[in-house]
There are 2 protein chains.
Amino acid sequence: MRDTIASDMAKNQYHHGNLRQALIEAAADQVVEFGADRLSLRAVARRAGVSQAAPYHHFKDKEALLAEVCRMGFEDLRTRSEASIVGLPDAPAKLRALGIEYVRFARERNAFFRVMFGGYIKDKECYPELKSSAECSFELLTEVLMQGQREGSLDVNFPPKDALVCWAAVHGAACLIVDGALPEDKMEMAGIDADSMIESVVDRLQRGLAPGVGVLTS
Amino acid sequence: MRDTIASDMAKNQYHHGNLRQALIEAAADQVVEFGADRLSLRAVARRAGVSQAAPYHHFKDKEALLAEVCRMGFEDLRTRSEASIVGLPDAPAKLRALGIEYVRFARERNAFFRVMFGGYIKDKECYPELKSSAECSFELLTEVLMQGQREGSLDVNFPPKDALVCWAAVHGAACLIVDGALPEDKMEMAGIDADSMIESVVDRLQRGLAPGVGVLTS
DNA sequence: ACCTGAACACCGTTCAAGT
DNA sequence: ACCTGAACACCGTTCAAGT
């Protein structure tokens with residue numbers, strides 16, 4: 001009951017109570033539409049129907065607002081990651097699914113991915129909620145590796161370290177694809193597209209983590 | 001002789017002949033000092049001792065100037081990459097050296113690495129010289145994989161595709177490290193630092209590319 | 001050919017003043 | 001407590017005008 005009343009109030013008055021959330025959503029819209037590099041706090045305020053100074057009553061500065069958009073991205077990634085592995089039989093299958101899903105996320109939610117990893121947040125320590133959101137996906141990956149260790153389906157020495165290796169491989173593929181850093185003309189000539197690239201990355205990663213191979217000492 | 005005269009002229013008159021190069025160097029200094037995200041074209045012009053409008057006689061816009069800084073970075077990367085593999089005996093050793101050097105470059109020349117891969121250049125097709133500089137390092141990597149294929153020291157199916165896999169793994173590690181995306185507190189607890197991380201990435205990569213393992217079909 | 005000064009349309013951020 | 005208007009110190013870019 002009181003929730004309903006509060007909601008009704010919120011609907012009618014942007015300027016009382018829910019402006020903080022309205023600003024975050026306006027910023028997210030702006031980021032999707034124009035990119036984080038063109039995000040303007042004044043434009044966000046305009047979109048929310050308040051003065052240019054209003055956001056400063058809810059966020060320390062532009063970066064603090066962007067940190068919230070960033071957090072939305074990490075929560076979306078965690079949700080997608082969890083959904084991608086339900087029902088899969090073993091750790092190698094889950095590892096593959098997480099890798100494919102990570103790149104899919106980067107490509108589909110391009111703008112968010114850039115906010116999350118584009119260096120817009122200088123010191124994540126300043127935003128504890130962001131930090132814990134960001135760590136969820138990494139913990140999920142670590143758990144999958146631990147499962148592989150138990151099952152004997154993956155050669156895992158030290159789960160946190162091997163999780164970093166997996167993350168790096170897949171993150172690199174995602175970055176190169178979304179930044180347009182790949183030599184597209186050559187790839188086209190060679191018959192390689194982004195999908196076949198990420199398949200190869202995941203294949204090699206599984207191979208590098210497959211049990212039953214001696215340690216190399218090159 | 002005429003070269004000497006031209007050089008002397010250039011030294012005495014910023015505003016005739018070499019302003020273009022002076023602006024590129026001023027921009028590079030600015031990027032190293034404050035970061036590409038804070039680069040201001042007006043500040044670059046001030047540093048070069050010319051008016052705010054002067055750069056527009058040499059560069060279409062801010063992005064075109066940044067593209068030249070970017071190119072400097074790719075050329076430095078190529079030089080370092082080539083130097084890192086001279087005298088090494090086989091392809092696996094070269095692959096390792098290239099990987100370690102890539103991350104070293106990203107960390108030492110942090111500011112340049114960000115310009116190169118931070119999405120500052122929207123369409124690299126607009127800057128052909130940049131594009132060919134950027135492809136040199138990738139071609140070097142492809143050649144190493146071809147050598148491994150000939151030697152039988154690496155299991156390479158298709159060099160361009162496997163080169164993308166290697167690049168992705170190492171690039172991901174570099175990005176995560178320089179963006180400060182790693183959960184540093186947890187890493188410290190687990191006794192993992194950036195150096196041991198990149199070692200693991202390269203080890204797993206070599207393992208994924210080692211000959212004599214059956215194909216997984218998970 | 002190359003450079004400047006002034007102008008336009010923006011920014012992020014602060015702060016006294018309002019309700 | 002929350003918001004505003006005005007101000008400050010910046011931007012990128014354009015363009016007529018100068019040499």
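So that the names make sense, note that chain A is the first sequence line, chain B the second, and so on, each numbered from 1. Basis for what follows: all heavy atoms, side chains included, without hydrogens, waters or symmetry-related copies.
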**OP:** Send over the distance from B:F59 CZ to D:dT14 C1', rounded to a whole Å.
**Re:** 18 Å
**OP:** With a 3.5 angstrom cut-off on both distances, give the Watson-Crick or G-U wobble partner of D:dC3, or none if there isn't one.
**Re:** none
**OP:** Once you apply the 3.5 Å cut-off to both distances, tell me the Watson-Crick or G-U wobble partner of C:dA17, or none.
**Re:** none
**OP:** Choose from C:dG5, D:dT13, C:dT13 the nucleotide whose nearest atom is closest to any side-chain atom of A:Y56.
**Re:** C:dT13
**OP:** Answer yes or no: does a side-chain N or O of B:R46 lie under 4.0 Å from OP1 or OP2 of D:dC11?
**Re:** yes
Original post:
Of all the choices, D:dT13, C:dT4, C:dT13, which nucleotide is nearest to the side chain of B:Q52 once you look at every atom?
Top reply: D:dT13
Subject >> Backbone N/O of A:V32 and side chain of A:D29: donor-acceptor pair under 3.5 Å >> reply: no
Original post:
If you measure from the C1' atom in D:dC2 to the same atom in C:dA16, how many Å do you get, rounded?
Top reply: 15 Å
Original post:
Looking at D:dG5, C:dT4, C:dA7, which one has an atom nearest to any side-chain atom of B:R42?
Top reply: C:dA7
**OP:** Round to a whole Å and report the spacing from CZ of A:R20 to C1' of D:dC3.
**Re:** 17 Å
Subject >> Whole-Å distance separating the CZ atom of B:R47 from the P atom of D:dC11 >> reply: 13 Å
**OP:** Give, for atom CG of B:L41 and atom CG of B:L23, the distance between the pair rounded to the nearest 0.5 Å.
**Re:** 8.0 Å
Subject >> Any-strand Watson-Crick or G-U partner of C:dC8, both distances under 3.5 Å >> reply: D:dG12
Original post:
When B:I85 is tested against each of B:E143, B:E101, B:K94, B:R96 for side chain to side chain contact (heavy atoms under 4.5 Å, CB included), which residue passes?
Top reply: B:K94
**OP:** For A:A43 and for B:H57, locate the closest nucleotide of DNA chain C by heavy-atom distance; then report the residue assigned to the nucleotide nearer the 5' terminus.
**Re:** B:H57
Subject >> Centroid separation B:F117 to B:F74 less than 6.0 Å >> reply: yes
**OP:** Starting at atom CG of B:D61, determine the distance to atom P of D:dT13, rounded to an integer number of angstrom.
**Re:** 5 Å
**OP:** Keeping the roles fixed (side chain from A:R42, backbone from A:Q52), state whether a donor-acceptor pair exists under 3.5 Å.
**Re:** no
**OP:** Let me know the distance between NZ of B:K60 and P of D:dG12, rounded to the nearest Å.
**Re:** 15 Å
Original post:
In whole angstroms, how far is the C1' atom of C:dC10 from the CD atom of A:Q30?
Top reply: 14 Å
Original post:
Which nucleotide in the set C:dC11, D:dG5, D:dC3 lies at the smallest distance from any side-chain heavy atom of A:H58?
Top reply: D:dC3
**OP:** Scan A:S40 against the nucleic acid and name what it touches under 4.0 Å (heavy atoms): base, sugar-phosphate only, or nothing.
**Re:** sugar-phosphate
Original post:
Rounded to the nearest Å, what distance is computed from the CG atom of residue B:L66 to the P atom of nucleotide D:dG12?
Top reply: 11 Å
Original post:
Looking across every strand, which nucleic acid part, if any, lies under 4.0 Å from A:L39 by heavy atom: base, sugar-phosphate, or nothing?
Top reply: sugar-phosphate
Subject >> Nearest-Å distance for atom pair OH/P, residues B:Y120 and D:dG12 >> reply: 13 Å
